[in-house]
Each structure stands twice: as structure tokens, then as C-alpha cells.
Amino acid sequence: MLIKIALTLFSSALLCLITADILNALSFSLFATLIIRIGDTLLLISFAMLWWIIFKIIANHSFKSIVTYFSRKQRIQRQFLYRLIKNDSLQRLFSSQKKQLGYVNAIKRNRLFARDNAKQCQLLAKILLTQLTQHKTQLSPSVYQHYQQQIKQALRQRAIARLCALQNQLNTHLH
Amino acid sequence: MVFLKRCILALQEIFQATQTQNLHWKQQHQAQQIALKQAQILAEKQLENELHKKSIQLAHDLELLTTEHTAQLAILKTKYRQDIKDYKQYLHALEELKTSIQKSYQQLPAAMAFAIHHHAKQLLNQMWETEDIKTKLQLEMQLLQFMTTVHEESRLYLQEGAIHALPEKTLALIEKSV
């Protein structure tokens, strides 16, 4: 209804302005000025009404949206969705926590293994170096140096198998 | 002008007739429309209630799941802690094995005792890293057999004197597995 009134006012305003234009052309300037004033006022009122209608529609929509958002139905739907998502995230969290525990366990075990390896390497290298020093006179300086370097390199690389091979090699060399 | 007036009147009549027809139809189907609306409202309410019930059930399930996960994680933590403890004990046992070899076979080159120890450690690591239970058991048996052989040979060596200068059975086992 309001839209109809606003549109009628708008058309009347246009009609007034056109009439004023015609009257102006026919040299009825006094009458024309009056009609222009009426047209302007009608135009202003129609625009004000249109703006009011737009504002009312927006306000109405916003209010309805807010009411719908806080309605029981929507609240239940949101709660249900939230719980579904939480369920899913819990599953994923559990899976990742399990993986993390496994990973930490493997790291701890690897550290133990590496520490023991280092300890064994150091012990064997020490034995080898002592043996090498004891038989220094039986070996040429270059061979002695070569063995020494090899032992130190194997120790740095924590290569116990290589140290074992080196001792076998040294024993063969000495006998 | 008269024709135009007649046309307008005819149009008006048509419009009014349509409106009257529409009103009649509405009057005739009013009860059905009301019933339909009520059914719709009822269905919506029912759906809402069902969703609410499901939501409550889900909340309950969530609580159960959290408790279950917490318990499972605690069990897993204990299991891993025990796992590390066992591994340490195994490493300690292997160290003792090496000392036992070194004490028994004093003429044995140090490298050999270390090689035996290294082999046992490799077996242990393989056993620990295997996911397949059957293979794990096989490797465990292999490791146990290896350790028993080493201990047995050391014991025999100490008891019966130097018949063999080397732990031959142990070396044969290493050779076999290589």
C-alpha cells in the first residue's frame, strides 16, 4: 500500500513538473512557479516514503533473521552440527595422539640404540688404539697412521662393523 | 467511447469473476488447507524433537568416546613405557652377554665379542621394529636361541676347559643368519 502511495506521489510530482514546464512555455510564470513548488514537495515526500519503505523492509528482514537464528529449531540444529563436528575432530585427535605416542616411543628407542652403539664404538676403538700403540714398532709409520685414521673415522661414523673389520685386518697384518 | 467503456466493464467483470472463483475455491478447500498447515507444523515439530533426541544421544556418545580415548591413551602410554623398559633390559642383557664372552674366551679378539654383541643387537632391533607379530615372534625366538647358545658355550668352555678356542656354535649362527 505504501509503495502504491509513494509511486502515485512520484508520478504526480512528475506530472506537476511537466505541467509547470508547459505553463512556463506558455508564459504563465506565476502559476508555473507554484506548480513547481508543489511538484518538488511531492517528489520529496515520495522519495522520503520510498526510503522509509526500504528501511522498513531491511529492518523487518534483520529482525526476522535474528528471531530465526535464536529460535529453538535453529539452536537445536546448530547444537547437533557442533556435536557432529566435535565427534569427528575427537576421532582425528585420538588418531594423531596415538601416532604421536608411537613416534615418541620410536625416538626414545632409537636414542637408546644410538647411545649404546656409541658406547660400544668408543670401547672397541679404545681397545684397537691400545693394540695399535702396543704394536707400533711392528708397523711402518704410514701403515700405523693409516690404521689410526681409519679407527678415528669409524668412531666418528659410529660404524661398529667397520671397527670389527679393522681389528681383523690389523690382526692379520700383525701375524 | 462507448466501446471502450464496454471493454473496460467486461475486463472488470472478468477480474471480479476470477476473484469470486478464487474465493469460492478457498472456501471449499479451507479445511484441507488448515489440515495441511497443521500437518506441516506437526511434522516440523516432530523433526525438531527427533533432532533434539539425536543431539542428546550424540552428546552422550561424545562423553563415552572421550572416556574411551583417555583410557586407551593411558593404556598405550603404559605399554610404551614398558616397551622402553624392556628394551633397556634387553640392551643390558646383551651387555652382560658380551662381558660373559670376554670373560670366558680371554684369547678371543675383542672385535669378535663386539661383533657377536652387535649381531645380537641388530636382531633385537629388527625384532622391535617388525610390525608383523609372526615375524616378531620368529625373531624373538632367534634372539633367544642366539643368547642361549652364547651362554651355553661360555659355560661349557669354563667347565670343560679350552676344547674350542672360539665360540663356534655362535659364530655358525651368525654366519647362518648372514
Side-chain angles (χ1 to χ4, degrees), chain A residues 71-91 93-95 97-117 119-121 123-128 130-131 159-172, chain B residues 44-45 47-66 68-92 94-95 98-99 102 109-119 121-122 124-125 128-129 131:
Chain A
S71 67
R72 187 172 180 263
K73 189 182 165 188
Q74 290 248 326
R75 268 188 292 128
I76 288 170
Q77 276 178 355
R78 275 199 304 277
Q79 203 176 39
F80 184 71
L81 268 176
Y82 165 76
R83 280 169 184 167
L84 268 182
I85 293 166
K86 200 178 173 187
N87 190 22
D88 188 47
S89 67
L90 256 180
Q91 299 277 15
L93 180 75
F94 176 63
S95 159
Q97 275 177 331
K98 252 168 77 175
K99 268 186 201 167
Q100 193 189 11
L101 277 178
Y103 183 69
V104 170
N105 182 55
I107 286 178
K108 274 185 187 170
R109 194 165 35 78
N110 283 341
R111 271 191 201 151
L112 278 175
F113 183 77
R115 206 184 299 156
D116 191 71
N117 243 2
K119 186 181 148 193
Q120 302 303 332
C121 278
L123 280 172
L124 187 57
K126 202 175 165 186
I127 293 168
L128 276 176
T130 318
Q131 195 184 359
I160 190 129
R162 216 170 125 205
L163 281 170
C164 290
L166 268 172
Q167 199 192 23
N168 285 337
Q169 209 179 324
L170 183 66
N171 281 341
T172 324
Chain B
E44 272 180 15
K45 267 271 180 241
L47 201 72
E48 201 179 292
N49 286 340
E50 241 170 70
L51 204 65
H52 189 56
K53 269 184 201 168
K54 271 189 184 173
S55 182
I56 290 168
Q57 180 66 38
L58 202 63
H60 183 248
D61 288 351
L62 270 175
E63 267 179 40
L64 273 180
L65 202 70
T66 315
E68 199 182 311
H69 284 178
T70 316
Q72 275 186 17
L73 281 177
I75 291 168
L76 209 64
K77 269 184 196 170
T78 318
K79 188 193 155 221
Y80 282 147
R81 216 173 290 142
Q82 189 59 42
D83 202 47
I84 292 291
K85 207 173 158 186
D86 288 351
Y87 192 77
K88 268 186 193 168
Q89 277 176 350
Y90 260 113
L91 282 180
H92 187 69
L94 293 184
E95 187 65 38
K98 192 187 79 188
T99 320
Q102 280 172 334
M112 209 160 270
F114 275 91
I116 292 167
H117 176 258
H118 183 64
H119 178 75
K121 217 164 69 176
Q122 290 293 339
L124 172 71
N125 222 34
W128 230 266
E129 278 175 359
E131 297 286 329

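In what follows, chains carry the letters A, B, and so on, assigned in the order in which the sequence lines appear, proteins first and then strands, with residues in each chain numbered from 1. Side chains are part of it too, since the values below use all heavy atoms of this structure and drop only hydrogens, waters and symmetry mates.
For chain A, the nearby parts of Phe114(B) are the backbone and the side chain; heavy atoms of each come within less than 4.5 Å. Of the atoms belonging to Asp86(B), not a single heavy atom falls under 4.5 Å from chain A. Contacts between Leu62(B) and chain A at a heavy-atom distance below 4.5 Å involve backbone atoms as well as side-chain atoms. With a 4.5 Å cut-off on non-hydrogen atoms, Leu166(A) does not touch chain B at all. For Asn117(A), the parts sitting under 4.5 Å from any heavy atom of chain B are the backbone and the side chain alike. Looking at Ile127(A), the atoms closer than 4.5 Å to chain B (heavy atoms on both sides) all sit in the side chain, from C-beta outward. With a 4.5 Å cut-off on non-hydrogen atoms, His118(B) touches chain A through its side chain but not through its backbone. Interface remark: Leu81(A) contributes no atoms to any contact with chain B (heavy atom separation under 4.5 Å). Both the backbone and the side chain of Gln91(A) come within less than 4.5 Å of a heavy atom in chain B. Neither the backbone nor the side chain of Lys79(B) has a heavy atom closer than 4.5 Å to any heavy atom of chain A.
Looking only at distances, a side-chain donor or acceptor of Thr172(A) sits under 3.5 Å from a matching main-chain atom of Asn168(A).
Using a 4.0 Å cut-off between charged side-chain N and carboxylate O, Lys53(B) and Glu50(B) make no salt bridge.
Taking the ring centroids of Trp128(B) and Phe113(A), they lie at or beyond the 6.0 Å cut-off.
Remark: of the listed residues Arg75(A), Lys73(A), Arg72(A), Arg72(A) is the sole one forming a salt bridge (charged side-chain N to carboxylate O under 4.0 Å, His left out) with Glu48(B).
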